[in-house]
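Predicted model only: the values in this text are computed from it and were never measured. Each chain gets a letter, A, B and so on, in the order its sequence line appears, and its residues count up from 1.
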Amino acid sequence: MAAKNYQVAEILYMVADYLDLEGEEFKVRAYRRAARSIENLSQSIEDVAKSGKLQEIPGVGEAIAKKIDEFLRTGKMEHLEKLKRKSPVDMESLNAVESLGPKKIKLLYQRLGVRNVEHLSKAAKEAKIRGLPGFGELSESKILQSLGNVSSNKRRFPREEVVPIAEMIRKKLQSMNVVEKVEVVGSYRRKKETVGDLDILVVSSSPSEVMDAFLNIDGIDHTIGEGEKKASLVLDNGLQVDLRVVGAESYGAALIYFTGSKYHNIRLRKIAIKKGYKLNEYGLFKGDEMVAGSTEEEVYRELGLDYIDPENREE
DNA sequence: GAGACGTCGCATTGAC
DNA sequence: GTCCATGCGA
DNA sequence: GTCTC
């Protein structure tokens, strides 16, 4: 895969981040969608551009195609340069800080003049952030914690590296007698070469016991959150693991939903709408009535589709 | 050309 | 303490 | 900004 694809995607993500700060909503999604398409492209973006078929990429229309062309020809994108010049803050670094999104970044700038991570770190250490609307003492310490984590954050893990971990967790949960089903979903189930995190789906009559077991597996660095149906933690090696517990009646729909890909879900959802249904992680509904949900096969069948293997759910 | 663009659980605040 | 609104993340 | 209707 040409390295250019990755660069183009990165640039589009950056444009999205800056637009996000300006309060744009749908353009942001549009740029991120285009970026994701290009990441997943099987051909080199340069070849696609040469044959003038950029607009055939999902999410790429006239405007973005033009910008990609510009970048491939000149190595720059004026649109992004302009956004950067206009922006008072360094979105690239600030947006990478956990728990900070566009709204909070904007507020930190307006109230404290925070433009980059150095300013942020200083403000947090001086306890200036607590007290701002929407921030408390806890938010402040989370920011500091996240700033300390920057290096270990965000890498993707080779599949081989996570298989033993996934299996360990799966076996541990499966051995519990309140657990009916366990599946490792997400890109792991789609058998991608790398995974960003591990997603685990469980059916159980006693979610709280499952949560408890999950939060006590070996090798936990820290937990990110825990609720009745959902928990997230980070292992010593930096891998994030998310757990979700659902009812048996929703198992199939949840499998589909959490296995993804996102594109695949969007496609299914559209097909569902066209047929007068609504599809979500809980099931396939006609009005308020669930017509399918306990198995994947059932949901696909009801949508008029043959079963699609997880590996083939990229689009 | 107009209108939609996913949706929801969780953490945290802040009001009561 | 409970309940709500908001932002974030997925 | 892009896609669908």
Query raised in the report: CD of A:Glu22 versus P of D:dG1: gap in Å, rounded?
Result: 11 Å

Requested in this report: For A:Glu25, answer base if it contacts any base atom (sugar-phosphate contacts may also be present), sugar-phosphate if it contacts only those atoms, and nothing otherwise; contact means non-hydrogen atoms under 4.0 Å.
Outcome: nothing

Requested in this report: On DNA chain C, reading 5' to 3', which nucleotide is the first and which the last to sit with an atom under 4.0 Å from a heavy atom of chain A, could you check?
Outcome: C:dG7 to C:dA10

Query - Side-chain (A:Asp20) to main-chain (A:Met91) donor-acceptor, under 3.5 angstrom - result: no

Query raised in the report: Tell me: OH of A:Tyr31 to P of D:dG1, nearest whole Å?
Result: 5 Å

Query raised in the report: Taking the side chain of A:Phe26 as heavy atoms from C-beta outward, which of B:dA11, B:dC8, D:dG1 is closest to it?
Result: D:dG1

Requested in this report: Group every Ile, Leu, Val, Met, Phe, Trp and Tyr by side-chain heavy-atom contacts under 4.5 Å, then state whether A:Leu173 and A:Leu198 land in the same group.
Outcome: yes

Query raised in the report: Where each pair must be Watson-Crick or G-U wobble with both distances under 3.5 Å, what dot-bracket representation of DNA chain C is obtained, with crossing pairs in [ ] and other-strand partners as |?
Result: |||.||||||

Query raised in the report: Can you get from A:Val234 to A:Val241 by hopping between Ile, Leu, Val, Met, Phe, Trp and Tyr side chains that sit under 4.5 Å apart?
Result: no

Query raised in the report: With a cut-off of under 6.0 Å to the ring centre and 45° to the axis, is A:Lys104 in cation-pi contact with A:Phe135?
Result: yes

Report summary line: Rounded to whole Å, the CZ-P distance (A:Phe258 to B:dT7) equals 15 Å

**Report entry** Sugar-phosphate only, base, or nothing, as touched by A:Lys278 at under 4.0 Å among non-hydrogen atoms
**Finding:** nothing

Query - Spacing between A:Phe285 atom CZ and B:dC8 atom C1', to the nearest angstrom - result: 13 Å

Requested in this report: Take atom P in C:dG9 and the same atom in B:dC5, then report the distance between them in whole Å.
Outcome: 23 Å

Query raised in the report: Which part of the nucleic acid, if any, lies within contact of A:Glu137, taking any heavy atom under 4.0 Å across all strands shown: a base, the sugar-phosphate backbone alone, or nothing?
Result: sugar-phosphate

Give me, pair by pair, the N or O atoms of the protein and of nucleotides 3-5 of chain D that are less than 3.5 Å apart, along with how far apart they are.
residue	atom	partner	partner atom	Å
D:dC3	OP1	A:Gly59	N	3.0

Query - Those residues that, when tested against A:His79, pass side chain to side chain contact (heavy atoms under 4.5 Å, CB included) (two or more places apart) - result: A:Val15, A:Tyr31, A:Lys67, A:Met77, A:Leu83

Query - Co-membership, hydrophobic cluster, residues A:Ile271 and A:Tyr307, 4.5 Å side-chain - result: yes

**Report entry** Cation-pi check, A:Lys181 onto A:Tyr251 ring (under 6.0 Å, within 45° of axis)
**Finding:** yes

Query - Donor + acceptor pair across side chains of A:Asn5, A:Gln7 (<3.5 Å) - result: no

Query raised in the report: Expressed in whole Å, how much space separates the P atoms belonging to B:dA4 and C:dA10?
Result: 28 Å

Query raised in the report: Within less than 4.0 Å of OP1 or OP2 of B:dT13, is there a side-chain N or O belonging to A:Ser139?
Result: yes

Requested in this report: Can you tell me the distance, in whole Å, between the NZ atom of A:Lys66 and the P atom of D:dG1?
Outcome: 10 Å

Report summary line: Closest non-hydrogen atoms of A:Asn95 and A:Gly101, given as atom of the first, atom of the second and distance, are OD1-CA, 4.2 Å

**Report entry** A:Tyr6: partners by ring pair (Phe, Tyr, Trp, His ring centres under 6.0 Å), with sequence neighbours left out
**Finding:** none

Query raised in the report: Counting any heavy atom closer than 4.0 Å, what does A:Glu226 reach on the DNA or RNA strands: base, sugar-phosphate only, or nothing?
Result: sugar-phosphate

Query - Those residues that, when tested against A:Glu193, pass salt bridge (Lys or Arg N to Asp or Glu O under 4.0 Å) (two or more places apart) - result: none

Report task. Ignoring hydrogens and angles, state whether a donor on the side chain of A:Tyr188 or A:Glu183 is under 3.5 Å from an acceptor on the partner side chain. Result -> no

Report task. Tell me what A:Ile266 touches on the nucleic acid: a base, only sugar-phosphate, or nothing, going by heavy atoms under 4.0 Å. Result -> nothing

Query - Proximity to the side chain of A:Ala63 - top-ranked nucleotide from B:dC8, B:dT12, D:dG1 - result: D:dG1

Query raised in the report: Any link between A:Met211 and A:Ile220 through a network of hydrophobic side chains (Ile, Leu, Val, Met, Phe, Trp, Tyr) touching at under 4.5 Å?
Result: yes

Query - Rounded interatomic separation in angstrom, taking NZ from A:Lys104 and C1' from B:dT12 - result: 7 Å

Query raised in the report: Which part of the nucleic acid does A:Leu279 contact within heavy-atom distance under 4.0 Å: base, sugar-phosphate only, or nothing?
Result: nothing

Query - Nucleotide of B:dC10, D:dG1, B:dC8 approaching A:Lys230 most closely (side-chain heavy atoms) - result: B:dC10

